Protein chains: 2
Amino acid sequence: MFSLTCEHGIRSLIYLAKRDDSSNFISIREISNDLDIPFHFLTKVLQKLTEAGIIESSRGAKGGIRFLKKPEMIKLSEIVFAIDGEKTFSKCLIGLNKCDEQNPCVLHDLWMEPKRTVTSFLSKSTLNDLIIRLNNDKTRI
Amino acid sequence: MFSLTCEHGIRSLIYLAKRDDSSNFISIREISNDLDIPFHFLTKVLQKLTEAGIIESSRGAKGGIRFLKKPEMIKLSEIVFAIDGEKTFSKCLIGLNKCDEQNPCVLHDLWMEPKRTVTSFLSKSTLNDLIIRLNNDKTRI
DNA sequence: TTGAATTAAGACATTTTTATCTTATTTAAA
DNA sequence: TTTAAATAAGATAAAAATGTCTTAATTCAA
């Protein structure tokens, strides 16, 4: 569904939202350890989110990453689009490069409703919505 | 969404359903030409569908592939599962290997409804449903 | 101002996916 | 029975995704 890179990105930001005191940077090494994601791989994933303006980073002692936007303003869709690309769920299901209302592929119409459900889920869910779940139960990242 | 391999598989079977006179084999070379899919790559894609029992193949002159099951009985989900794997849409969204009702990931509950919509779309749509669309309009494979 | 801590960046390695090529095997028909 | 036509299968190549390592740049604090 999502690339592994994207999964790492989502998990990291949920982790960050859970930990965030919003003024201090959280070190990537710590995230890497707690979420069991290879450190050097993770730095590259997070660089994409930095370029996308979702987080900012600081080098050196006490460095790390922190949110540039408020977690209640960050949608799942933003994260996915930043990492897997804007077209992640708007591409033609069978790979036709010109597939639209005028010239639809055989799946186009049937795919519209499920696609809407998925994209609405991604654009409705903010990081805050998600960490609320983490506070309650046995829910995990 | 689907792997390229899977896209090729779906397109080929829709093409076959459209062409099918159900007794003759259709050559892979012909499918390859008409759908603009690399021939040797396509033979391997179709071998997966043969192994899955959806089509059968014949070597030699007048060889090719044909359906083993009737197109009205072949669901999109079968094709996807045969090529991209059974768990294509049941895997945890963020990659946790033990994610279920008891120990859900943060996305688990929110993902349930969109997932249902997608899997229902895949399991409702048969090849026959799809080629009906091809007969009408400007619809393409 | 120096040193330790930390991310950035680029080179490199591995794995998976996609693509190609060659040879073997099978089938139908002359 | 031979030949042409076709898929099967395995080797190899290329590209993309994932993972690792090294060096550079930056930051804080002693």
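Below, chains carry the letters A, B, ... as their sequence lines are ordered, and counting in each starts from 1. Keep in mind the model is a prediction, meaning the values are calculated, not measured.
Note: B:Leu110 CG to A:Leu122 CG = 10.5 Å, rounded to the nearest 0.5 Å.
When rounded to the nearest whole Å, the span between CG of B:Leu46 and C1' of D:dA8 equals 12 Å. As rounded to whole Å, 12 Å separates atom C1' of C:dT26 from atom CZ of B:Phe25. Rounded to an integer number of Å, the gap from CD of B:Glu51 to P of D:dT7 is 16 Å. Between A:His8 atom NE2 and D:dT20 atom C1' there is a gap of 13 Å when expressed in whole angstrom units. Between B:Ile55 atom CD1 and D:dA8 atom P there is a gap of 8 Å when expressed in whole angstrom units. When the P atom of C:dT17 is taken as reference, atom CZ of B:Phe41 falls 10 Å away, rounded to whole Å. Rounded to an integer number of Å, the gap from CD1 of B:Ile83 to C1' of C:dT17 is 14 Å. Summarising the geometry, the separation between CD on B:Glu7 and C1' on C:dT17 is reported as 13 Å, rounded to the nearest angstrom.
For C:dA8, one of the phosphate oxygens OP1 or OP2 lies less than 4.0 angstrom from a side-chain nitrogen or oxygen of A:Ser57. Dashed line: the shortest gap from a side-chain N or O of A:Thr5 to OP1 or OP2 of D:dT18 is under 4.0 Å.
Toward the 5' end of DNA chain D, the nearer of the two residues A:Phe39 and A:Lys62, judged by each one's closest nucleotide, is A:Phe39. For the pair B:Thr43 and A:Ser3, nearest-nucleotide mapping onto DNA chain D gives the more 5' position to B:Thr43.
The side chain of B:Ala61 lies closest to C:dT27 when the candidates are D:dG19, C:dT27, C:dA8. Residue B:Ser27 has its side chain nearest to D:dT7 when only D:dT27, C:dA8, D:dT7 are considered. Picking from C:dT18, C:dA8, D:dT7 the nucleotide with the shortest atom distance to the side chain of A:Gln47 gives C:dA8. Considering only side-chain atoms of B:His40, the nucleotide from C:dT20, C:dA28, C:dA8 that sits closest is C:dT20. Picking from D:dT20, D:dA8, C:dA8 the nucleotide with the shortest atom distance to the side chain of A:Lys44 gives D:dT20. Ranking D:dT26, C:dT26, D:dT27 by closeness to the A:Arg59 side chain, first place goes to D:dT26.
For the pair A:Ile65 and A:Ile31, the minimum side-chain heavy-atom distance is below 4.5 Å.
Ring geometry for B:Phe121 versus A:Trp111: interplanar angle of 30 to 60°, hence tilted.
The shortest heavy-atom contact between A:Cys105 and A:Ile94 is CB-CD1, 3.8 Å. Closest of all the heavy-atom pairs between A:Leu46 and A:Ile55 is O-CD1, 3.6 Å.
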